[in-house]
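Here's the structure, in structure tokens; my notes come after.
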There are 2 protein chains.
Amino acid sequence: MTRDLPTSLLMFIASRAASERIFRAVQEAGFTDLTLAQGRLMMGMEPDGSRLSTLADRGQIAKQTATALVDKLERAGYVERVPDPSDGRARLVRFTSRALAVLPIARAEEARIEAEWRAHLGAERMDQLRDALTALREVTDPHRPPHQA
Amino acid sequence: MTRDLPTSLLMFIASRAASERIFRAVQEAGFTDLTLAQGRLMMGMEPDGSRLSTLADRGQIAKQTATALVDKLERAGYVERVPDPSDGRARLVRFTSRALAVLPIARAEEARIEAEWRAHLGAERMDQLRDALTALREVTDPHRPPHQA
DNA sequence: CAATCTAGTTCGATCATAGAACTACCGCAA
DNA sequence: TTGCGGTAGTTCTATGATCGAACTAGATTG
């Protein structure tokens, strides 16, 4: 009876469920001022700080959007902007200690989800799933990872 | 070198790419007033019309959100609200002929994507992918499809 | 040094989203 | 049949995300 859903929709369902769970975990840990979009941006940051354009590019959002998100994150004390020593125009967005307290929570929930999925599917199917999804990046990810020969 | 991304993020990447493509195809066919959220709502409609609450529930959005989306779709001439004969409180949201012109375009692009992915992965891996994703619905989809014995 | 490009910001507009409170209607139960 | 609790949908209002356009400051190149 369950009609055949498009593959992309199946992905959407699962990935949204994961997002929601991580978001909830963070909320329940007391970080109630973080939004989903802000969290997503933070997950794309490098440990030593990232440029705004890099974040925008990586998240496939406009620079203005990234600016707005970083503004709010900064006001809430999760990130700070420091000058980029290698380029006077640029600034690096860096985690504050507050952010460093959130990240493990998000990562832990992420790991829990991954484990549950693996338990539900079995190791083999989970590996196949990851394999297929990874291969699909070659045709779906604008930040195509370097073709590993 | 490509660090190991969470499975849910891999799904997000691919599903967003698909959304974008379908959205663009619809835009390029001249339907420039449709937004992504509106399109998603339409894709969740039944051919004979759906109740607003059903759409909200299915799309995991609040009733108010669904109302707002339907308002815009109605103003743009894609759907109409008709009384639900079986319940005086309810109304059915139904496609207009304008919507019936868009749907095939979206579905065609969807099919094209599906075909490309299958070509890229090979039939076997694509089947495994769909199999795993479908199984995951049991733990990620609030509208859990009936467990088929 | 001048022309040009790039990083980031600001302004302004639109869309998506949901909490709260409301109206109209349904269904059931005394 | 009357009345009360629940449901469908809407309106009001507020917030967040998003981006086009236009701008500033610093970098780059010929």
Side-chain angles (χ1 to χ4, degrees), chain A residues 12 16 19-20 23-24 26-27 31-46 49-76 78-94 142, chain B residues 12 16 19-20 23-24 26-27 31-46 49-76 78-94 142:
Chain A
F12 180 74
R16 175 162 63 177
S19 288
E20 291 294 342
F23 181 64
R24 212 175 323 127
V26 167
Q27 292 266 313
F31 300 93
T32 54
D33 51 355
L34 275 175
T35 67
L36 237 160
Q38 288 165 23
R40 212 159 34 225
L41 188 96
M42 285 208 297
M43 298 305 258
M45 284 173 57
E46 285 140 306
S50 305
R51 289 199 189 172
L52 194 111
S53 328
T54 309
L55 294 179
D57 203 40
R58 192 171 290 162
Q60 296 184 56
I61 56 179
K63 282 188 305 176
Q64 305 97 300
T65 306
T67 299
L69 290 174
V70 169
D71 281 350
K72 282 180 190 151
L73 284 171
E74 191 168 32
R75 253 181 284 123
Y78 290 100
V79 305
E80 57 185 356
R81 285 184 244 226
V82 301
D84 182 340
S86 75
D87 188 330
R89 293 164 300 180
R91 305 160 80 180
L92 293 177
V93 183
R94 278 205 317 208
Chain B
F12 181 74
R16 175 163 63 178
S19 288
E20 290 294 343
F23 181 64
R24 211 176 323 126
V26 167
Q27 292 265 313
F31 300 93
T32 54
D33 52 355
L34 274 175
T35 67
L36 238 161
Q38 287 165 24
R40 209 155 40 221
L41 189 96
M42 284 208 297
M43 299 304 258
M45 284 174 56
E46 285 140 306
S50 304
R51 291 198 187 171
L52 193 109
S53 327
T54 307
L55 294 179
D57 202 40
R58 193 172 289 162
Q60 295 184 57
I61 56 179
K63 282 188 305 176
Q64 304 97 303
T65 306
T67 299
L69 291 174
V70 169
D71 281 350
K72 281 177 192 152
L73 283 170
E74 191 169 33
R75 251 181 284 122
Y78 290 101
V79 305
E80 57 185 356
R81 284 186 245 227
V82 301
D84 182 340
S86 76
D87 187 332
R89 294 165 299 181
R91 304 160 80 179
L92 293 176
V93 183
R94 278 204 317 206

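In what follows, chains are A, B, ... by sequence order, proteins preceding strands, each numbered from 1.
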Would you compute the distance between atom [atom1] of [X] and atom [atom2] of [Y] and round it to the nearest 0.5 angstrom?
| X | Y | atom1 | atom2 | value |
| --- | --- | --- | --- | --- |
| A/Gln27 | A/Leu34 | CD | CG | 8.0 Å |
| B/Lys63 | B/Arg51 | NZ | CZ | 12.5 Å |
| B/Thr65 | B/Leu52 | OG1 | CG | 10.0 Å |

**Request:** Report the residue from B/Leu69, B/Thr67, B/Leu41 that forms a side-chain contact (heavy atoms from CB on, under 4.5 Å) with B/Leu55.
**Result:**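 Going through the options one by one, the only one that passes is B/Leu41.
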
**Asked** Hey, which of A/Gln38, A/Lys72, A/Glu74 is the one that makes side-chain contact (heavy atoms from CB on, under 4.5 Å) with A/Val79?
**Response**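 Single pass found, and it is A/Glu74.
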
**Prompt:** Quick one: on DNA chain D, does A/Lys63 or A/Gln38 contact a more 5' nucleotide (nearest heavy atom)?
**Reply:**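 By nearest-heavy-atom nucleotide position, the 5'-most residue is A/Gln38.
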
**Message:** Within the 4.0 Å heavy-atom criterion, would you say B/Asp87 contacts the bases, only the backbone, or no part of the nucleic acid?
**Reply:**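 The answer is sugar-phosphate, as B/Asp87 gets under 4.0 Å only of primed atoms, P, OP1 or OP2.
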
In whole angstrom, give the distance that lies between atom [atom1] of [X] and atom [atom2] of [N].
| X | N | atom1 | atom2 | value |
| --- | --- | --- | --- | --- |
| B/Leu41 | C/dA18 | CG | P | 12 Å |
| B/Arg89 | C/dT23 | CZ | C1' | 12 Å |
| B/Asp57 | C/dA18 | CG | P | 12 Å |

**Item:** chain B contact limits on DNA chain D, taken 5' to 3' with a cut-off of 4.0 angstrom to heavy atoms
**Value:**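 Listing 5' to 3', DNA chain D meets chain B from D/dG6 to D/dT11.
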
**Message:** Please check if the number of heavy atoms outside A/Arg16 that lie under 6.0 Å from its CZ is greater than 12.
**Reply:**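 Yes, because the 6.0 Å sphere around CZ of A/Arg16 holds more than 12 heavy atoms from other groups.
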
**Item:** C/dT9 phosphate, OP1 or OP2, under 4.0 Å from A/Arg81 side-chain N/O
**Value:**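 Affirmative; the distance criterion is met.
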
**Asked** OP1 or OP2 of C/dA16 sitting under 4.0 Å from any side-chain N/O of B/Thr35?
**Response**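 Yes, because at least one side-chain N or O of B/Thr35 sits under 4.0 Å from OP1 or OP2 of C/dA16.
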
**Message:** Using a 4.0 Å cut-off on heavy atoms, which residues in residues 64-71 of chain B reach DNA chain C? List them by number, or say none.
**Reply:**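 B/Gln64, B/Thr65, B/Ala68, B/Leu69, in order of number.
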
**Prompt:** Does A/Arg81 offer a backbone N or O that forms a donor-acceptor pair with the side chain of A/Arg91 under 3.5 Å?
**Reply:**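 Answer holds: no.
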
